[in-house]
Each structure stands twice: as C-alpha cells, then as structure tokens.
Amino acid sequence: MSEKLRELRERSQKRKKLLAQALGVSSVSELRHALGTTLDVLPKKKAVTDYSSEGGDKPVPKEPDSLVYTDSSTFLKGTQSSNPHNDYCQHFVDTGQRPQNFIRDVGLADRFEEYPKLRELIKLKDDLIARTATPPMYLRCDLKTFDLKQMGSKFDVLLVEPPLGSGWRWQDVLALDLQQIAQPRCFLFLWCGSSEGLDMGRECLKKWGFRRCEDICWIKTNIKNPGHSKNLEHNAVFQRTKEHCLMGIKGTVRRSVDGDFIHANVDIDLIISEDPEFGSTEKPIEIFHIMEHFCLGRRRVHLFGRDSTIRPGWVTLGHELTNSNFNAELYASYFTDGRESTGCTERIEALRPKSPPAAANKPRARARNAFRARPRPRTNM
C-alpha cells in the first residue's frame, strides 16, 4: 500500500511540474499564486489532532494538504467574472495562449504513461520497424518534370507534402502521376492545409485512384511563442491553428481480415505539437510514426521531402534535397524472398487493439410489430 501511495504522490508531483512549466512559473511552490487558489486551499494538517467542540472522543478527520479545484475558474489568474466559461476565454485573451497548450500528455514520450500495455505495444512496434527498415534513400529531382516510372518500384505508403506557394499550385499537384508508383493495395497521406486545401486534396485523391477514409488533424500549440499568429490569412474567418492530412486507400483493405498488412486503432487521428517558426514548412514527425504503426508494408516514399525528413525505411524525393543516393536495383533487392512486410510478433498481436467481431454472425433481432410473411399453404402435387 505504501508503494502505491508513493507512486501516486510522485505522479501528482510530476503533473504539478508540467503545469508549472505550462503556466511559466519557476517552481511548483508558486502554482498556488499563479492559479489564484489561495482561498480554495484547505488548512494544512495540524501536529495535534483536533477533537469536536462537543467533547466527543472521535477525532475530526484531518484535511488533506492539497490544492482543491472547484471549477474551471480556479485555473485562471486575474479574472473577476463569475461565469467560468467567460473566465476561461478571457484567460487566453489576456495571456495569448491557445487552449490546446493545456492538454496533458500530448508528447510521444509521456502519452502512454498511465497505459502500460499500450506503452509496451508502441515500443515493440517501434523496435520491429527499426529492425526491418531499409537504409534511407533520397533522390534530388524536380517533381514537375521527373518521370516517376524511373523509380522502378511501387510503394505501400505514399506521403505527399506539396510546397504550396513555393512555385507549386494545386493544379501542379493534381498533375502528378502517382499511379505509376502506387501498389494495387496501398495508402496515401496528403498534407493539404485547411479551407480550400481540403477540397483540392479530395480532388487529388479521386484523380489518383484513392478513396478518402481518414482525416488526421494537426492542432498547433504556441507555448514557445504565445500571442496572435503571425501567419494570418487574408481570406480566413477565424485564426487558423490547425492543418489536415487526408488519408486515402487504394484497393480492397479490410481491417478485420488484412492483419498481415495493417494494424488499425494503434494511433489516433490527432497530432498536438508546437507551431513551427514563421515561414517554416516542417510538419510534425509524429505523422511518420502513425504511418509506420498502421501499415506493415516496408516500401514507403515521401514526395517533396527535405534533408531534415530523410528517414530509415523511406525513399525521399524532392527539389530541396542537397544530394542523391537512390539506386533502383539496390532498393528492389531489399524486398526479395518475401520480405515485403515488417511482420508481427505474438506479443504485438496479443497487445494490439482488435476489430470487433463481424455482426453477420449474430442473429438479427426482429423489431416489434415487424411484418411477418404468412406461410404458403401446402399443396399436394
């Protein structure tokens, strides 16, 4: 019992430190002042146990020495409104912080702290992906003129990150002949921003022969740079603090029967990370983890990559690369003798989330007052 209590106290202390870091205070001891909880803190433990004023023998229960939060206004500083929702909104107006800054455990390192089985699953999959990854290859080329047939391979996972505004328009992206490098059964991930990009992204998927199945959303925090965004779009109604990555499927892939090719439900469709510096085109590295965890295929290609995105297990194409090492024959040799998939272990199979059983095997319940066909009378032939 003492070990469990010690573990709970350590976890509570860690959360207080993370909250102190998010609020910009120097230590945990200053949290009370920063959160404005002076009046909400119950008295500390007394050295001598108090007894009731009526002379009873029963001791008065000791009050815990901890912060007591009664509502959301407890977390706010310097607000006077009696409406917690208004206080919540006013807090972000005053400090310039985005609400998503205060969501706990969004990083890859601490996301599964309270879920040991999921943490073990992610580690096992990462180790397996690292062992089976091909050496990183990259090819500097202008994708407006480069013939993708020269790759000599088709891929299981395609990541497209169009550099819109840097000499590329959606019509140029639409003209890419991705059918030449897509396996009959494969997945495409397309970064498309927001607003118009969502419509154009769907047009691209349709033209390339993919059907849209998911929408991964990148929610941007501004912990390092609080305040209004410097990248305000002239035609935007709201301040945009998110981007979308559309996911498309080509071929017949079912999560219930294609366990040799996909592991569904391992990751979520939400990424929360810091907004990059103004003018940067970097995307969160977590998108690679999502793709690698989901698809067991080892052939992966990244279009419009950069030196910073070169990664084991991937072929990177783009005009911003400073060098090339791609060899079509050498790359094809990595997938001979049935080595096209990362495979799976018994432990991963036991830990990973499974699809629910097919409903077709269950008897269908008849609705009340449902129509029943009247049996046909027998006739003697």
Side-chain angles (χ1 to χ4, degrees), residues 133-193 196-197 199-212 216 243-251 279-285 287-288 291-292 295 297-336 340:
T134 60
M137 285 194 172
Y138 37 93
L139 176 63
R140 183 183 181 185
C141 61
D142 184 355
L143 287 169
K144 284 186 178 179
T145 58
F146 180 71
D147 185 3
L148 292 174
K149 288 183 179 180
Q150 298 180 26
M151 299 297 296
S153 295
K154 295 191 175 185
F155 297 87
D156 305 309
V157 179
L158 297 86
L159 173 62
V160 182
E161 191 179 328
L164 299 172
S166 301
W168 280 79
R169 301 171 302 168
W170 275 114
Q171 294 303 322
D172 301 320
V173 180
L174 196 63
L176 291 172
D177 193 12
L178 293 191
Q179 297 94 320
Q180 299 295 334
I181 57 172
Q183 285 279 5
R185 180 178 66 165
C186 64
F187 303 94
L188 172 73
F189 294 79
L190 172 63
W191 282 107
C192 60
E196 177 196 12
D199 296 329
M200 294 305 302
R202 288 178 170 86
E203 287 293 324
C204 289
L205 293 182
K206 183 178 179 180
K207 192 259 186 181
W208 296 333
F210 291 81
R211 62 185 186 279
R212 191 200 69 83
I216 301 171
E243 289 189 35
H244 297 264
C245 181
L246 299 181
M247 174 184 171
I249 293 180
K250 183 177 182 182
S280 173
T281 58
E282 293 295 329
K283 299 294 189 291
I285 194 173
I287 190 67
F288 288 101
M291 293 182 289
E292 293 168 352
C295 182
R298 296 173 58 228
R299 292 168 291 200
R300 314 180 190 102
V301 64
H302 180 192
L303 278 68
F304 303 103
R306 299 164 298 281
D307 290 345
S308 60
T309 63
I310 294 174
R311 183 178 178 88
W314 289 79
V315 176
T316 307
L317 307 180
H319 62 281
E320 295 185 26
L321 293 167
T322 57
N323 208 340
S324 300
N325 75 342
F326 180 74
N327 183 299
E329 294 183 0
L330 177 61
Y331 183 74
S333 68
Y334 295 141
F335 308 100
T336 58
E340 299 180 353

Q.
Closer than 4.0 angstrom, basic N to acidic O: yes or no for Arg298 and Glu292?
A. no
Q | Contacts of Ser166 that satisfy side-chain hydrogen bond (donor to acceptor under 3.5 Å, both in side chains) - sequence neighbours left out | A | none
Q.
Any side-chain to backbone donor/acceptor pair from Asp199 onto Glu196? Under 3.5 Å, distance only.
A. no
Q: Keeping the roles fixed (side chain from Trp191, backbone from Leu159), state whether a donor-acceptor pair exists under 3.5 Å.
A: no
Roughly how far apart are [X] [atom1] and [Y] [atom2], rounded to 0.5 Å?
X: Cys204; Y: Leu176; atom1: SG; atom2: CG; value: 8.0 Å
X: Glu329; Y: Phe326; atom1: CD; atom2: CZ; value: 10.5 Å
X: Leu164; Y: Met200; atom1: CG; atom2: CE; value: 9.5 Å
X: Leu158; Y: Trp208; atom1: CG; atom2: CH2; value: 9.0 Å

Q) Without hydrogens or angle criteria, can the side chains of Asp147 and Gln150 be said to hold a donor-acceptor pair below 3.5 Å? A) no
**Q.** Chi angles and distances behind the side chain to side chain contact (heavy atoms under 4.5 Å, CB included) call for Glu161, His302
**A.** CA-CA 8 Å; Glu161 191 179 328; His302 180 192; 3.0 Å; yes
What closest approach, in Å, do [X] and [Y] show between heavy atoms, and which atom pair accounts for it?
X: Tyr331; Y: Arg300; value: OH-N, 3.7 Å
X: Pro312; Y: Ala133; value: C-CB, 4.0 Å
X: Leu190; Y: Pro162; value: CD1-CD, 3.9 Å
X: Cys192; Y: Leu246; value: SG-CG, 3.8 Å
X: Lys250; Y: Gln183; value: CD-O, 3.7 Å
X: Cys295; Y: Asp156; value: SG-CB, 4.2 Å

Evaluate the side-chain proximity of [Y] to [X]: yes if any heavy-atom separation is below 4.5 Å, no if none is.
X: Leu143; Y: Asp172; answer: no
X: Cys186; Y: Val157; answer: no
X: Met151; Y: Leu139; answer: yes
X: Gln180; Y: Lys154; answer: no
X: Arg169; Y: Leu174; answer: no
X: Phe189; Y: Ile216; answer: yes
X: Leu330; Y: Met137; answer: yes
X: Phe155; Y: Val315; answer: yes

**Q.** Test side chain to side chain contact (heavy atoms under 4.5 Å, CB included) applied to Leu303 and Ile181, step by step
**A.** CA-CA 11 Å; Leu303 278 68; Ile181 57 172; 4.2 Å; yes
Look at atom [atom1] of [X] and say whether more than 12 heavy atoms of other residues, nucleotides or ligands are closer to it than 6.0 Å.
X: Arg211; atom1: CZ; value: yes
X: Gln179; atom1: CD; value: yes
X: Lys144; atom1: NZ; value: yes

**Q.** side chain to side chain contact (heavy atoms under 4.5 Å, CB included) evaluation trace for Thr309 with Trp314
**A.** CA-CA 9 Å; Thr309 63; Trp314 289 79; over 6 Å; no
Q) Parallel, tilted or perpendicular: which describes the rings of Phe304 and Trp168, with under 30° parallel and over 60° perpendicular? A) perpendicular
Q: Flag this pair as yes if the NZ/CZ of Arg299 is under 6.0 angstrom from the six-membered ring centre of Phe335 and inside a 45 degree cone about the axis; otherwise no.
A: yes
Q.
What verdict does the side chain to side chain contact (heavy atoms under 4.5 Å, CB included) test give for Ile285 and Arg311, after you've listed the backbone C-alpha separation in whole Å, the side-chain angles of each residue and the deciding distance to 0.1 Å?
A. CA-CA 10 Å; Ile285 194 173; Arg311 183 178 178 88; 3.7 Å; yes
Output a table of donor-acceptor pairs, distance under 3.5 Å, between side-chain atoms of residues 318-325 and any protein atom two or more places apart or on a different chain; print 'none' if there are none.
from, atom 1, to, atom 2, distance (Å)
Thr322, OG1, Asp307, OD2, 2.8
Ser324, OG, Arg140, N, 2.8
Asn325, OD1, Tyr138, N, 2.8
Asn325, ND2, Pro136, O, 3.3

